[in-house]
Enquirer: 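The following block contains the structure, expressed as structure tokens.
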Amino acid sequence: MTRGDRIVVMKDGRIRQADTPLNTYNRPADRFVAGFIGMPPMNFFDGAIKLVDGKLMFQEGKLENAHVIGAAAAKKGSGKEVDEPRSAGW
């Protein structure tokens, strides 16, 4: 990737981003480019940033295809594992 002057990221025959390698890596055009070009590959979480008691907090959204691992995790409500990433556009 670093040897080329410009690279093109395509999906389904359509150009998603045509830019320099550094710009593509640092400023991906959309979520697909970010997930494709990122190293290591990226995981995306649905959620929202909210102001709670004067602090910014990330509130996790609903995870599809998720399940709890182990009995201890089930009691605590943690330990979610995602089977497949969900595709969502920006």
Enquirer: Do T20 and D5 have side-chain heavy atoms sitting under 4.5 Å apart?
Expert: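 With C-beta onward as the side chain, the pair stays apart.
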
Enquirer: May I ask whether F58 and L51 are part of the same hydrophobic cluster, defined by side-chain heavy atoms of I, L, V, M, F, W, Y residues being less than 4.5 angstrom apart, directly or through others?
Expert: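 Shared cluster, yes.
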
Enquirer: So which atom in F32 and which in M10 form the shortest heavy-atom distance, rounded to 0.1 Å?
Expert: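 Nearest pair, atom of F32 first, then M10: CE2-O, 3.8 Å.
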
Enquirer: Do Q17 and V8 touch side chain to side chain, with heavy atoms closer than 4.5 Å?
Expert: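 SC-SC contact between Q17 and V8 ruled out.
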
Enquirer: Within a strict 4.5 Å, meaning less than it, do heavy atoms of the D19 and R6 side chains meet?
Expert: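 They are in contact (side-chain heavy atoms under 4.5 Å apart), so the answer is yes.
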
Enquirer: Apply side-chain contact (heavy atoms from CB on, under 4.5 Å) to residues I49 and M57 and explain how you reach the verdict.
Expert: CA-CA 6 Å; I49 303 293; M57 304 290 287; over 6 Å; no

Enquirer: From L22 CG over to R27 CZ, what is the distance, rounded to the nearest 0.5 angstrom?
Expert: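 One finds 7.0 Å between CG of L22 and CZ of R27.
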
Enquirer: Do V9 and T24 pass the side-chain contact (heavy atoms from CB on, under 4.5 Å) test, and can you show the C-alpha distance, the side-chain angles, and the key distance before you say yes or no?
Expert: CA-CA 9 Å; V9 179; T24 304; 4.2 Å; yes

